[in-house]
Protein chains: 2
Amino acid sequence: MSATAAKRGQKNWPKQVEAVCVRQGLQLTPLRRRVLSILGESAAPLGAYAIIDRLSKIEGKQIAPPTVYRTLEFFAENGFLHKIESRNVFARCEHVGHAHYGALLLCETCGRSEEIEDEALDEFLKRTAARAGFALQPQMLELQGLCKSCAAAARGA
Amino acid sequence: MSATAAKRGQKNWPKQVEAVCVRQGLQLTPLRRRVLSILGESAAPLGAYAIIDRLSKIEGKQIAPPTVYRTLEFFAENGFLHKIESRNVFARCEHVGHAHYGALLLCETCGRSEEIEDEALDEFLKRTAARAGFALQPQMLELQGLCKSCAAAARGA
DNA sequence: GTCATTATGTTATAATATTGCATTTGGCAA
DNA sequence: TTGCCAAATGCAATATTATAACATAATGAC
Ligand SMILES: [Zn+2]
Ligand SMILES: [Zn+2]
Ligand SMILES: [Zn+2]
Ligand SMILES: [Zn+2]
């Protein structure tokens, strides 16, 4: 994805979420809108406490963790957000409303994540796991590496 | 892998670790041996605080977290242990001394983990990520699902 | 033995996340 | 409208996971 496309995705994400909420009768409350906006503006996925801090600034008073964790849970349950378990951060879903076969590509240098959909990957994994008698759940892989620009920078250095 | 083979692996793991330590001149101290034995006897991967509790029982006094975290770090750095980031637990490496291409298959029901080596999987992932301009680090995947026996039990239920 | 290095002990604290319960809000039926 | 229920939020306490900082002890090289 180009940098332009990434920016477009970032800008559109709150609107996409709002559209799905309207369609499905989900309450997009003021609190949820504020958290949506915080997540929407971040270049890289955010941790819960980073969100708590920003929200507290906006509200002008200290917000307690459960407030934010519950909001994040709401977004994750409804497919708007991915929790990245290997880093304890939350990333916008870049395919709101789509089926999810694929992976999150996580850059170790800049912290950004990119989401790819790939049914062939899903199939490959299922077959690989099946050889060991294992039945995989549907899931987003977390793959660690370097994004295009950080890899280029590393080569240049 | 059969249940018998799994049991063999479990029994042999401390000995394999010891052999590698001797070969590489790594100190297998009394503390490390005790932690090795705790990990060697567990059916499923253990969290740091589970290890702290068991070790404290064995030693007859409360062991502090850094003691255990440092021991786990030693095992992980030397390729004897995998930290499972999605669950905050530590699993015996089932291929001590081998190259690592592959995945940890994690059972959501019984908590056990199984390690597979698969160079083709590694290749597939690299190519998939490369299409997005991403350069993957070598890494063990974490794949969530049901192990053979738990999947069978679930079908039977 | 001296010294440097590695390993362990200990205290405190950081970072991440959840429980439980009180209060408020929003939707809806009588 | 009013009363009610369910969903959402506020809030305090606490649980869980992990690290920092510094002191002491053990080990190995010379
Ligand atoms: Zn997604
Ligand atoms: Zn990057
Ligand atoms: Zn391994
Ligand atoms: Zn199982």
Side-chain angles (χ1 to χ4, degrees), chain A residues 17-18 21-39 44-78 80-91 111 142, chain B residues 17-18 21-39 44-78 80-91 111 142:
Chain A
V17 170
E18 174 155 20
C21 284
V22 170
R23 254 196 282 136
Q24 306 196 203
L26 300 168
Q27 291 188 52
L28 203 46
T29 62
L31 170 64
R32 287 173 181 168
R33 277 178 199 283
R34 285 188 287 263
V35 172
L36 197 64
S37 148
I38 289 167
L39 286 162
L46 292 173
Y49 280 77
I51 296 168
I52 289 168
D53 291 346
R54 296 181 195 203
L55 184 58
S56 297
K57 275 237 174 82
I58 292 172
E59 305 260 4
K61 64 173 180 183
Q62 189 59 35
I63 301 302
T67 299
V68 164
Y69 276 101
R70 282 186 300 224
T71 305
L72 294 171
E73 188 181 24
F74 166 82
F75 289 132
E77 275 176 352
N78 291 288
F80 304 138
L81 209 57
H82 295 289
K83 172 157 193 193
I84 300 177
E85 299 287 353
S86 58
R87 300 188 174 181
N88 301 318
V89 294
F90 298 83
E142 297 178 16
Chain B
V17 171
E18 175 155 19
C21 284
V22 169
R23 254 195 283 136
Q24 307 197 201
L26 300 168
Q27 292 189 51
L28 203 45
T29 62
L31 170 65
R32 288 173 181 169
R33 277 179 199 283
R34 286 188 288 263
V35 172
L36 196 66
S37 146
I38 288 167
L39 285 161
L46 293 172
Y49 280 76
I51 296 167
I52 289 168
D53 291 346
R54 295 181 196 202
L55 184 58
S56 296
K57 276 237 173 83
I58 292 172
E59 305 261 4
K61 63 174 178 183
Q62 189 59 34
I63 300 302
T67 298
V68 163
Y69 277 101
R70 284 187 297 225
T71 305
L72 294 171
E73 189 181 24
F74 166 83
F75 289 132
E77 275 176 352
N78 289 288
F80 304 138
L81 210 56
H82 293 290
K83 172 156 192 192
I84 300 177
E85 299 288 353
S86 59
R87 301 188 173 180
N88 300 320
V89 295
F90 298 83
E142 296 179 15

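Not measured: the values here are computed from a predicted model. Order of the sequence lines sets the chain letters (A, B, ...), proteins ahead of strands, with each chain counted from 1.
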The side chain of A:Pro66 lies closest to which of these nucleotides: C:dT19, C:dA17, C:dT10? C:dT19

Using whole Å, what does the distance between atom P of nucleotide D:dA18 and atom CG of B:Leu72 come to? 9 Å

Separation of atom CZ in A:Arg34 from atom C1' in D:dT9, rounded to whole Å: 11 Å

Atom CZ of A:Arg23 and atom CD of A:Glu18: how far apart are they, to the nearest 0.5 Å? 12.0 Å

When you check the phosphate oxygens OP1 and OP2 of D:dA8, does a side-chain N or O of A:Arg70 lie under 4.0 Å from one of them? no

Selected nucleotide, minimal atom distance to B:Tyr69 side chain, candidates D:dT9, C:dT10, D:dT17: D:dT17

Distance check needed: D:dA18 P versus B:Leu46 CG, whole Å only. 13 Å

For A:Phe75, does the six-membered ring have the charged nitrogen or CZ of A:Arg32 within the cation-pi criterion, i.e. under 6.0 angstrom from the centroid and within 45° of the normal? no

Could you tell me the separation between the CD atom of B:Glu73 and the P atom of C:dA7, rounded to a whole number of Å? 11 Å

Closest nucleotide of DNA chain C for B:Gln27 versus for B:Pro65: which of these residues is on the 5' side? B:Gln27

Find the distance B:Lys61:NZ to C:dT8:P and express it as a whole number of Å. 12 Å

For atom CG of A:Asp53 and atom C1' of C:dT16, their distance in whole Å: 13 Å

Under 4.0 Å between a side-chain N/O of A:Asn88 and OP1 or OP2 of C:dA15, yes or no? no

Could you tell me the separation between the CD1 atom of A:Ile63 and the P atom of D:dA12, rounded to a whole number of Å? 12 Å

Judged by nearest nucleotide, the residue sitting upstream toward the 5' end of DNA chain C, B:Leu31 or B:Ala64, is B:Leu31

Salt bridge or not for B:Glu142 and B:Arg87, using N-O below 4.0 Å? no

Is the phosphate of C:dA17, meaning OP1 or OP2, less than 4.0 Å from a side-chain N or O of A:Lys83? yes

Could you state the CD1-P distance from A:Ile52 to D:dC11, rounded to the nearest angstrom? 14 Å

Just to be sure I understand the rule, does A:Thr29 reach a base, reach only the sugar-phosphate, or reach nothing, if contact means heavy atoms closer than 4.0 Å? sugar-phosphate

OP1 or OP2 of D:dG10 sitting under 4.0 Å from any side-chain N/O of A:Thr67? yes

With DNA chain D as reference, determine whether A:Leu26 or B:Phe90 sits nearer its 5' end, using the nearest nucleotide of each. A:Leu26

N/O donor-acceptor pair under 3.5 Å between A:Ser86 side chain and B:Glu85 backbone: no

Nearest 0.5 Å please: distance from the NZ atom of B:Lys83 over to the CD atom of B:Glu73. 10.5 Å

So is the aromatic ring of B:Tyr49 stacked onto the base of D:dT16, judging by whether the centres are under 5.5 Å apart and the planes are under 30° apart? no

